[in-house]
Amino acid sequence: VQIGKMECGQFVGKIKPDKDVERMARKFKLDDPVTSRLTELKVWRKRNGEEDRATKDLERIEYHLRFAKRPNALCTLLVGKLLEGEV
């Protein structure tokens, strides 16, 4: 799956999370892979020129995480759907 993303130019390697993602990760005690996916979402949006949408995505995810029993699982699910364009 990752090789296909590399060929299409969509692959994002390990990136240092920005301050908003770091804050969210600490607040909800998110794991490193989940934090990496959040950072990937934000970088992907910025690369496509949708920086305001990246901020809105993080705000919406944070809203949902406030009520989640398992924030890691929910965040992984939501970010995956956003990256695939389902939401």
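All figures in this text were calculated on a predicted structure; none of them were measured in a lab.
Looking at residues two or more places apart in sequence or on another chain, you find a side chain to side chain donor-acceptor pair (under 3.5 Å) between K27 and E62. Qualifying salt bridge (charged side-chain N to carboxylate O under 4.0 Å, His left out) partners for D20, counting only residues two or more places apart in sequence or in other chains: K42. Under the salt bridge (charged side-chain N to carboxylate O under 4.0 Å, His left out) criterion, R26 pairs with E22, sequence neighbours left out. Residues meeting the salt bridge (charged side-chain N to carboxylate O under 4.0 Å, His left out) test with R37, sequence neighbours left out: E40. With sequence neighbours left out, the salt bridge (charged side-chain N to carboxylate O under 4.0 Å, His left out) criterion links E51 to no other residue. Residues passing the side chain to side chain contact (heavy atoms under 4.5 Å, CB included) test with D52: none are found, sequence neighbours excluded. Taking R60 as the reference, D57 meet the side chain to side chain donor-acceptor pair (under 3.5 Å) condition, with sequence neighbours excluded.
In this structure, I61 and M24 have side chains that are in contact, with non-hydrogen atoms separated by less than 4.5 Å.
Remark: the backbone N or O of V34 is not paired with any side-chain donor or acceptor of D31 at under 3.5 angstrom.
Across every non-hydrogen atom of L30 and C75, the tightest pair is CD1-SG, 4.3 Å. Considering every non-hydrogen atom in both T76 and N72, the closest pair reads OG1-O, 2.8 Å.
Rounding to the nearest 0.5 Å places OG1 of T35 at 13.5 Å from NZ of K29. Here the CZ-NE2 distance, from F28 to H64, works out to 11.5 Å after rounding to the nearest 0.5 Å.
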Table please: side-chain donor-acceptor pairs of residues 78-87 below 3.5 Å, with sequence neighbours left out.
none

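Taking a 6.0 Å sphere around CZ of R66, one finds it holds more than 12 heavy atoms contributed by other residues, nucleotides or ligands.
The hydrophobic cluster containing Y63, built from Ile/Leu/Val/Met/Phe/Trp/Tyr side-chain heavy atoms closer than 4.5 Å, also comprises F67.
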